[in-house]
Amino acid sequence: MDELADAYAYPDPPYGPSGAYLRANMVSSLDGAAHHDGRSKPLSSDADMRIFGVLRGLADAVVVGAETVRREGYRPARARAAFAERRAALGQSPAPAIAVVSASLDLDFSLPLFTEPLVPTIVITGAAASGERIERARAAGAEVVLAGTGPSGRVDAAAVVTALKELGHTRLLTEGGPTLLGQFAAAGVLDELCLAVAPLIAAGDAKRIVDGPLLREPEQFALASVLEEAGFLFTRYRRIYP
């Protein structure tokens, strides 16, 4: 585990233009599907889950979209003894905070993600969220953050990174889904992509790992590492800044 943690350690500051470092962790089938029948688990493997755990163990906060929370049945991140010393040395909390991005706050605040976290769950929303739902989130123990004040009511992806940085979370991990990752890519705040390529064909009409507006120019990334186990490729790409 230490070897993997060293291999995936966040780079030392200074980070990119946002002042934080946003890493994405996604899995894809050979034919580009980001999920099978709505969930990513059928595309995963034991090795993928080990890397998933390592990436969480290194992060200050895990950023995830509301639809992914609903589909994947998200629970609070747990403290892991293997990362306790490393996290303490960096001044991190025992476990990463889960930060849920939701413009509408259409979430079930009775779930353990909100009522039983070791570190309070963060809910990031925009101007369209109702006051009633904001109060329900707070009553459940969540920390509510506003990231987007425009008339559309949408959450501003760049503001999400800024807001988390202001809370002291600079080592960020997003687990999607594809729509949220598309928003981060469009906002120019995605610093690294950890992509597991599963030796599977899924077909169907599943989204790609990034589902969002066409970028004016494709962002350039450099290959940082490749690992392989049981036919799965675990790649890591870092963004090239001009």
Side-chain angles (χ1 to χ4, degrees), residues 15-28 32-35 38-40 55-56 59-72 74 96-107 113 121-129 133-134 137 142-167 169-196 205-221 236-241:
Y15 297 133
S18 70
Y21 193 88
L22 177 63
R23 159 186 284 168
N25 183 35
M26 301 292 286
V27 63
S28 169
H35 57 77
R39 302 182 68 232
S40 61
L55 295 181
R56 280 197 167 196
D60 295 337
V62 178
V63 191
V64 64
E67 183 60 22
T68 299
V69 166
R70 289 187 285 265
R71 286 190 179 212
E72 303 282 356
Y74 262 62
I98 303 294
V100 183
V101 179
S102 175
S104 66
L105 289 188
D106 183 14
L107 299 163
L113 177 61
T121 295
I122 302 167
V123 176
I124 304 174
T125 192
R133 286 181 174 171
I134 288 174
E143 182 172 3
V144 179
V145 175
L146 186 65
T149 58
S152 70
R154 295 177 181 173
V155 178
D156 181 88
V160 169
V161 175
T162 300
L164 289 171
K165 177 196 169 190
E166 290 175 351
L167 291 175
H169 303 309
T170 58
R171 301 173 188 88
L172 304 179
L173 170 67
T174 180
E175 297 170 349
T179 300
L180 179 61
L181 190 52
Q183 293 169 0
F184 283 135
V189 294
L190 181 63
D191 298 295
E192 182 177 306
L193 173 63
C194 296
L195 174 62
D205 59 356
K207 293 179 179 179
R208 294 155 48 188
I209 63 163
V210 180
D211 184 53
L214 182 70
L215 302 184
R216 182 176 298 178
E217 294 290 340
E219 297 282 3
Q220 292 189 331
F221 285 72
R236 186 163 55 98
Y237 290 87
R238 285 183 175 173
R239 184 178 171 190
I240 299 172
Y241 287 98

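Heavy atoms only: backbone and side chains are in, while hydrogens, waters and symmetry mates are out. None of the values given here were measured: they were computed from a predicted structure.
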For residues 210-220, tabulate all N or O donor-acceptor pairs below 3.5 Å that involve a side-chain atom, not counting sequence neighbours.
{"from": "E219", "atom 1": "OE1", "to": "R239", "atom 2": "NE", "distance (Å)": "3.3"}
{"from": "E219", "atom 1": "OE1", "to": "R239", "atom 2": "NH2", "distance (Å)": "3.3"}
{"from": "E219", "atom 1": "OE2", "to": "R239", "atom 2": "NH2", "distance (Å)": "3.3"}

All side chain to side chain donor-acceptor pair (under 3.5 Å) counterparts of T179, not counting sequence neighbours:
K207
Quick one: closest heavy-atom pair of [X] and [Y], and the distance?
X	Y	answer
S28	I209	CB-CG2, 3.9 Å
A99	L164	CB-CD2, 4.2 Å
P178	A34	CG-CB, 3.9 Å
E72	G38	OE2-O, 4.3 Å
T170	G19	CG2-O, 4.1 Å
D191	A20	OD2-O, 3.5 Å

Check this for me: Y74, atom OH, are more than 12 non-hydrogen atoms of other residues, nucleotides or ligands nearer than 6.0 Å?
yes
Student check: side-chain heavy atoms of [X] and [Y] closer than 4.5 Å:
X	Y	result
R133	T125	no
L172	V160	no
L55	R23	yes
E143	L167	yes
Q183	L180	yes

What distance separates [X] [atom1] from [Y] [atom2], expressed to the nearest 0.5 Å?
X	Y	atom1	atom2	value
I124	D156	CD1	CG	11.0 Å
T68	R39	OG1	CZ	11.5 Å
T174	L190	OG1	CG	8.5 Å
R154	S104	CZ	OG	13.0 Å
E192	L22	CD	CG	9.5 Å
L181	R208	CG	CZ	11.0 Å

Excluding sequence neighbours, so at least two apart, what forms ring pair (Phe, Tyr, Trp, His ring centres under 6.0 Å) with F184?
none
Given the rule in the side-chain contact (heavy atoms from CB on, under 4.5 Å) test, do H169 and I122 qualify, once you have shown the distances and angles that lead to the verdict?
CA-CA 11 Å; H169 303 309; I122 302 167; 3.8 Å; yes
Residue pair R56, I98: steps toward the side-chain contact (heavy atoms from CB on, under 4.5 Å) verdict:
CA-CA 10 Å; R56 280 197 167 196; I98 303 294; 4.1 Å; yes
